[in-house]
Amino acid sequence: MAAGATPLAPNARSVRNVAFVEGVRTPFGKAGEKGMYAGTRADDLVVNAIRELLRRHPELPPERIDEVAIAATTQIGDQGLTIGRTAALLAGLPKSVPGFALDRMCAGAMTAVTTTASGIGFGAYDIAIAGGVEHMGRHPMGEGVDPNPRIIADKLVDPTALVMGQTAENLHDRFPEITKQRTDAYAARSQEKYAEAVKTGKIGPELVPVATRSKELGWGLATEDEPPRPGTTVEQLAGLKTPFRPHGRITAGNAAGLNDGATAALLADEDTARELGLPIGMRLVGYSFAGVEPEVMGIGPVPATEKLFKRTGLSIDDIGLFEINEAFAVQVLAFLDHFGIADDDPRVNQWGGAIACGHPLASSGVRLMTQLSRQFAERPDVRYGLTTMCIGIGMGGTVIWENPAYNGSEGAK
């Protein structure tokens with residue numbers, strides 16, 4: 001505010017620090033009739049996640065929650081009807097707590113976080129819940145949509161832009177140095193790192209058990225991710241089919257699968273969090289979204305990150321931990337190559353990624369944040385971490401976070 005200027009309102013607030021308190025998620029399932037969530041509603045998945053946040057934080061009076069934002073890519077059926085509001089009601093939140101739905105394809109939950117965090121920083125909210133859900137078994141991506149024919153007829157995009165696997169093949173064409181051998185090797189490491197993280201208890205504490213029902217098996221309880229393939233080797237991946245192009249490079253092994261799952265995170269103004277005794281897992285530094293050619297949507301994280309570095313004054317050298325969504329291995333490697341980071345850099349996806357655990361589209365952004373927050377707690381030598389993802393129809397999104405446990409030790413900026 002300029003010197004001598006009159007405040008906009010008597011209680012107008014300056015920008016406030018936004019805390020990521022905690023994130024949780026359901027175990028991720030395989031989409032389809034044989035998947036563990038085939039008989040489970042999409043809204044029930046995210047309701048389980050919201051309820052778990054409330055269970056873990058009895059110190060939070062539910063009526064103090066100012067907003068619930070839930071994303072879904074295919075907003076239809078049990079993922080429709082303004083799911084942020086209906087999920088809040090189903091989770092038992094007071095009827096005074098509002099909610100809304102939003103869609104930015106794969107970055108839905110990421111956008112739910114950045115949107116509500118902006119409200120917190122501005123002073124419109126003190127506390128919010130943000131997350132996402134995708135039941136790709138019930139609602140395949142694109143179900144019920146009617147793309148305007150001019151998108152193709154007027155050559156606004158190449159026809160391949162509407163098929164994510166083909167956009168990944170296009171990315172291989174643009175960066176021939178990213179070979180199928182490199183992507184298969186990256187994918188095998190993702191499976192290996194994920195399996196080790198489960199074995200050592202790194203992955204598990206954030207999971208919310210979900211009751212499931214099967215016509216053949218009856219009632220069950222989902223307690224772990226269904227998609228991982230422990231023991232996957234590069235040799236096994238080399239022999240998989242390339243469904244998007246004859247003799248192509250994208251396979252079911254070096255890409256995330258079709259999955260079901262939900263996530264939810266609790267966000268708060270930092271002073272409010274301290275007032276209520278809520279933990280502060282990490283602090284928001286900034287975020288950015290950028291558009292790219294839809295035909296190569298996988299490159300989206302690069303300009304989004306460059307844009308954010310300019311805004312924050314940070315650089316790639318300041319980032320001590322990366323959580324990059326693994327929609328396709330080629331997209332991760334394009335990001336790493338751009339910033340001069342090795343394929344096997346230990347700062348990147350320490351606990352594996354979506355190639356192993358799955359990618360239920362709109363829910364994945366909060367999975368990345370949840371893992372980064374829990375890694376921060378173990379790494380007081382790291383000050384800044386980054387979550388980033390490519391987004392369908394040609395976009396990228398990046399969020400930078402600060403570690404509240406940072407102790408200023410040498411070796412980290």
Side-chain angles (χ1 to χ4, degrees), residues 13-23 69 104 107 109-128 130-131 263 265-274 278-290 300-325 335 338-339 341 347-350 364-391 395-409 411-413:
R13 303 176 182 179
S14 59
V15 175
R16 307 184 299 172
N17 285 334
V18 180
F20 182 97
V21 174
E22 185 177 11
R104 203 199 290 262
M110 175 178 279
T111 305
V113 167
T114 57
T115 300
T116 52
S118 296
I120 292 170
F122 182 74
Y125 313 138
D126 289 330
I127 301 170
T263 59
L266 188 60
L267 307 170
D269 158 59
E270 191 166 341
D271 289 340
T272 302
R274 297 188 190 283
L278 294 167
I280 297 173
M282 51 188 184
R283 185 178 297 116
L284 179 66
V285 175
Y287 66 88
S288 181
F289 294 92
V302 170
T305 303
E306 292 282 20
K307 188 176 179 181
L308 187 52
F309 284 154
K310 289 180 181 178
R311 287 181 170 175
T312 59
L314 298 174
S315 74
I316 198 69
D317 295 331
D318 294 304
I319 307 302
L321 289 169
F322 296 81
E323 279 293 319
I324 307 172
N325 193 46
F335 179 91
H338 175 84
F339 288 106
I341 300 171
R347 298 173 296 170
V348 177
N349 292 9
Q350 289 189 333
S364 288
V366 164
R367 179 189 68 81
L368 302 176
M369 297 170 187
T370 300
Q371 293 194 179
L372 179 63
S373 177
R374 297 184 61 243
Q375 290 165 9
F376 271 164
E378 299 180 351
R379 295 290 305 276
D381 60 311
V382 171
R383 183 172 184 180
Y384 297 112
L386 177 152
T387 56
T388 190
M389 60 200 315
C390 61
I391 310 167
M395 294 178 283
T398 300
V399 187
I400 293 177
W401 302 90
E402 184 179 27
N403 183 2
Y406 175 64
N407 61 14
S409 62
K413 296 187 178 181

Separation between [atom1] of [X] and [atom2] of [Y], rounded to the nearest 0.5 Å:
X	Y	atom1	atom2	answer
Asp269	Ile127	CG	CD1	8.5 Å
Thr312	Ile400	OG1	CD1	4.5 Å
Gln350	Leu321	CD	CG	5.0 Å
Met389	Met395	CE	CE	11.0 Å
Leu267	Thr115	CG	OG1	10.5 Å

| said: The criterion is salt bridge (charged side-chain N to carboxylate O under 4.0 Å, His left out); which residues satisfy it with Glu22, sequence neighbours excluded? | reply: Arg56
Ignoring hydrogens and geometry, is there a side-chain-to-backbone donor-acceptor pair from [X] to [Y] under 3.5 Å?
X	Y	value
Thr114	Thr111	yes
Asn403	Arg379	yes
Ser373	Met369	no
Asn349	Ile324	yes

Closest contact, heavy atoms only, [X] versus [Y]:
X	Y	answer
Ala273	Ile280	CB-CG1, 4.2 Å
Leu372	Gly385	CD2-C, 3.8 Å
Gly281	Pro404	O-CD, 3.3 Å
Asn325	Ser364	OD1-CB, 4.0 Å
Gly131	Val366	CA-CG2, 4.2 Å
Leu314	Val285	CD1-CG1, 4.3 Å

| request: Apply salt bridge (Lys or Arg N to Asp or Glu O under 4.0 Å) to the pair Glu270 and Arg274, showing each step before the final yes or no. | output: CA-CA 6 Å; Glu270 191 166 341; Arg274 297 188 190 283; 2.6 Å; yes
| Residue that, paired with Phe20, satisfies ring-ring contact (aromatic ring centres under 6.0 Å, His included) out of Tyr287, Trp401, Phe376 | Trp401
| said: Going by side chain to side chain contact (heavy atoms under 4.5 Å, CB included), Met110 matches just one of Thr388, Thr387, Ile391. Which one? | reply: Thr387
| How would you list, by chain and number, every residue that makes a side-chain contact (heavy atoms from CB on, under 4.5 Å) with Ala304, sequence neighbours excluded? | Ala290, Thr398
